[in-house]
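Note: hydrogens, waters and symmetry copies are ignored here, and every other heavy atom, side chains too, is used. Here is how names work: the chains are called A, B, and so on, in the same order as the sequence lines, proteins then strands, and each is numbered from 1.
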Amino acid sequence: MSVNFSLDYFALFGLPRRFDIDEAELDRAWHALQAEVHPDRHVHLPGSERHRAMRGALRVNEAYATLKKPLSRARYLLDLAGVDADEIDNVAMASGFLIEQMEWREAVEEARAFGDVDALEQLALRLRMRVDEVTTLLAEQFDSRENREAAADTVRRLMFLDRLRCDIDDGLAALDD
Amino acid sequence: MTLLQIAEPGMSAAPHQHRLAAGIDLGTTNSLVATVKNGIAVCLSDEEGRALMPSIVHYRGDGGLDAGHAALGARVADPRNTIVSVKRFMGRGFADVAHIETMPYVFEETPGMLRLRTVQGSKSPVEISAEILRALRLRAEASLGGELAGAVITVPAYFDDAQRQATRDAARLAGLHVLRLLNEPTAAAVAYGLDNAVEGVYAVYDLGGGTFDLSILKLTRGVFEVLATNGDAALGGDDFDHRLYCWALDQARIAPPSAEDTRRLQMKAREVKELLSMSEEAPFRLRLGPGVSVDLTVSRAAFSEMTKPLVQKTLVPIRRALRDAGLSVRDIKGVVMVGGATRMPHIQRAVAAFFGQEPLTNLDPDKVVALGAAMQANVLAGNRKPGDGGWLLLDVIPLSLGLETMGGLSEKIVPRNATLPVARAQEFTTYKDGQTAMAFHVVQGERELVADCRSLARFELRGIPPMAAGAARIRVTFQVDADGLLSVSARETGTGVEASILVNPSYGLADSEIADMLRAGFERAGEDLAARNLREQQVEAGRLLEAVAQALAVDGGLLDAPERAAIDAAMARLRGLIDSPGDAPALAGGIAALARATEEFAARRMDRSIRAALAGQKIGEL
């Protein structure tokens, strides 16, 4: 195969298998691989070769989409380690975090109900800062302490925050018109 | 780009034969065709030196047909049979089109894509668009002195799957080999970016006759990466005309006009709009039917006031695209203006105010899309110079794709702004014992309710092995190619049974309809379909032989003697088939045989180039 399917996504891009990655390096490697396998490079070739290149291009884009975002990258790292973040019990999560979540959610719902764009944007900003804190923690747990159980718990938190971000974005999109 | 290119097939190492390729901007109001001549992209003009061709088709009572300028005169004389702005109907149903009541056509309310009844019978928007494309193909072939090897056709970035499919079908009907459907703002970015050698994050604001796109692109060392796209596939210059038309009707207090007068008023409205881009005031003076006339004056300020909601409407997609890209206006290095409608001063002011910078208007907003498409067509046809790595376009899907689930909700399978090509799979199971079939409904759009999304197709899976409820695992895969076109496949993963899929497009044409239209179209144009097929196969065979010969010249060392002999034999057989006047099927067989014979060779070559790409090596270091 053109693109080696037995390689994990990190190896595919020639990156070390860790949470904290060089995003510029990821972009460069992605561009370099797509320059070889993108369908535009194979338009004039027979069907079988186009098909082969297409499979490579799909794989490369899938790998890129997974590594690009901190949440999917973290989940993928857990996957590689055989840990399923979805199976971690909700109850196990610190009650402090769950209360914080409820507060966030109430604030978002209130801002949406009042059509308050400024409030939503403020929330988005605060959320970004919170996400930054959590991803910093993740980097530490994955890369320095190599504590996957702790990382799995943090990933779970990041999933909550990600859902919040979607809610805020949906709220803002609804108020665009 | 400094990536290696191991004499890519199609990139001629030897003094090569230039393949005729064109870029076509199939616009709502005007269409253009462009090509690359001596390394420079140029629009091709008609005998009278006009590059823009009005996107108008007139079906004449005598069975003849006019497209472009020749059809202009019939707009008022024969409005029912003279179709303008047909792009608005592509892949759309009767209920989808705005202001349809003011259009002077006879519509057939068929399920799916609407149809128009003309003096020459019922016509699909696909057939009408094909006439425009055919006229452009003939212009290009006359100008370039040969048959086109392929064309890149541009579409609005925000076109959904049905609209893209309709455009591709129209191109096929027009006898064009489609190299790629390219998003209009991306084409503009290619033309602008390559001409000005820019780097950084740019926004392309593309307001055409009937569509609006906003794309945000990151340009780095020969890579055009679309970060996000948004838009409104039913908002364009036509809507500004329509406001003016409604205003005139209101001011002049005229009764609902006849089809002819509607056309006259609409044409006048466009003329006045264009005048107002150049002067502060314009007369709206028109003589209609017996005893009725309009004598008004419009100021630029009044026009700007009455169309303000439309301008505001274009700001919504900008906000959404920025949010999706995770950027703010401060991150945008420049704003490229595309489309004739961006000539309106109040649009330029609104865009400047939004982005806090003057938009870039130093290129021809009418031509830039066609020029970019021509550059891409030239590359895709294989006309790159040796050592020129070309550039890479990484485009995205504009709208999420999903499947209908319980309760009429859409479950997103492919998210909007995913980089193409993309494939995503989802698993489903049966809910009844012994169930052997399953129905799916594919939709496109961001809304939660299926009813608020675009219905793309319904398909049915058959041949699922009978099992207990919940035991079957059916994996449905959505694949979107570089044209932004979706294909769906499904299999039962437990048994590996490939279930058969019967797809019913909601707003598209069935393959059999296309085949019929193709036959009819060629007959009408006096062309022989069989002869054309054979010619296409000959071109294809020649292309393949050339590609393999080049690959052997560079990488022959990857093969051992028996492998090499097998490829040589398949090449010799194919050459024989081209030279002897054979039939198309035999030739197709020869092409397939050579392709099979070179499969392993191609795999090794690609493997090697991939490894080299990752190692960041250049060809000289290999």
Side-chain angles (χ1 to χ4, degrees), chain A residues 1-4 7 11-15 24-25 27-62 64-65 68-69 117 120-121 124-125 128 165-166 168-177, chain B residues 1 3-5 8-10 19 149-150 179-180 220-223 225 313 315-317 319-320 323-324 376 379-382 389-390 392-394 418-424 446 479 481-483 540 543-544 547 591-592 594-596 598-599 602-603 606-607 609-616:
Chain A
M1 222 0 262
S2 50
V3 169
N4 190 339
L7 291 179
L12 184 66
F13 291 120
L15 295 169
E25 191 51 49
D27 281 356
R28 265 196 298 278
W30 179 48
H31 291 167
L33 281 181
Q34 278 298 355
E36 299 300 323
V37 293
H38 192 276
D40 281 355
R41 300 293 168 127
H42 305 273
V43 173
H44 40 261
L45 294 188
S48 60
E49 287 185 49
R50 280 205 305 271
H51 184 69
R52 180 194 314 280
M54 178 62 127
R55 281 184 53 198
L58 291 170
R59 173 84 174 175
V60 168
N61 277 344
E62 176 65 34
Y64 177 74
K68 177 81 179 166
K69 293 202 175 103
V117 175
L120 281 173
E121 273 169 358
L125 202 67
R128 258 202 299 281
R165 191 190 51 83
C166 289
I168 294 175
D169 280 357
D170 285 352
L172 283 169
L175 295 173
D176 277 337
D177 305 286
Chain B
M1 298 215 342
L3 295 170
L4 97 165
Q5 302 294 338
E8 250 181 277
R19 295 196 188 88
L179 296 166
R180 179 73 69 237
T220 35
R221 289 166 289 118
V223 182
E225 181 189 345
K313 237 175 136 177
L315 302 182
V316 175
R319 279 196 282 270
R320 292 188 175 160
R323 196 154 50 230
D324 283 351
Q376 187 66 4
V379 167
L380 295 183
L392 179 65
L393 302 189
L394 296 168
T419 302
L420 301 177
V422 62
R424 291 284 155 88
E446 308 314 317
Q479 184 174 317
D481 64 18
D483 294 321
E540 180 68 32
R543 198 180 290 168
L544 180 59
I591 291 171
L594 179 55
R596 266 196 312 278
T598 54
E599 212 161 308
M606 201 182 285
D607 236 354
S609 66
I610 294 270
R611 271 202 304 278
L614 268 185

Contacting moiety of [X], where chain A heavy atoms sit under 4.5 Å:
| X | value |
| --- | --- |
| B/Leu544 | side chain |
| B/Gln479 | side chain |
| B/Asp481 | both |
| B/Arg424 | side chain |
| B/Leu393 | both |

Partner chain A: residue of B/Glu225, B/Gln376, B/Glu446 with the largest heavy-atom pair count (under 4.5 Å):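 The answer is B/Glu225.
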What part of [X] gets within 4.5 angstrom of chain B, counting heavy atoms only: side chain, backbone, both, or neither?
| X | value |
| --- | --- |
| A/Ala65 | side chain |
| A/Gln34 | both |
| A/Arg28 | side chain |
| A/Asp170 | neither |
| A/Asn61 | side chain |

Value rounded to 0.5 Å, distance of NE2 in A/His42 from CG in B/Leu380: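 Reported to 0.5 Å precision, the distance equals 11.5 Å.
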Set of salt bridge (Lys or Arg N to Asp or Glu O under 4.0 Å) partners for B/Arg323, sequence neighbours left out: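 Listed in chain order: A/Asp176.
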Nearest non-hydrogen partners of B/Arg320 and A/Ala173, listed with the distance: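 So the two residues come closest at NH2-O, 2.6 Å.
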Distance-minimising heavy-atom pair for B/Leu420 and A/His38: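 Nearest pair, atom of B/Leu420 first, then A/His38: O-NE2, 4.0 Å.
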Polar side-chain atom of A/Arg52 near backbone of B/Glu599 as donor-acceptor pair, under 3.5 Å: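 Indeed, once roles are kept as given, a pair shorter than 3.5 Å links the two residues.
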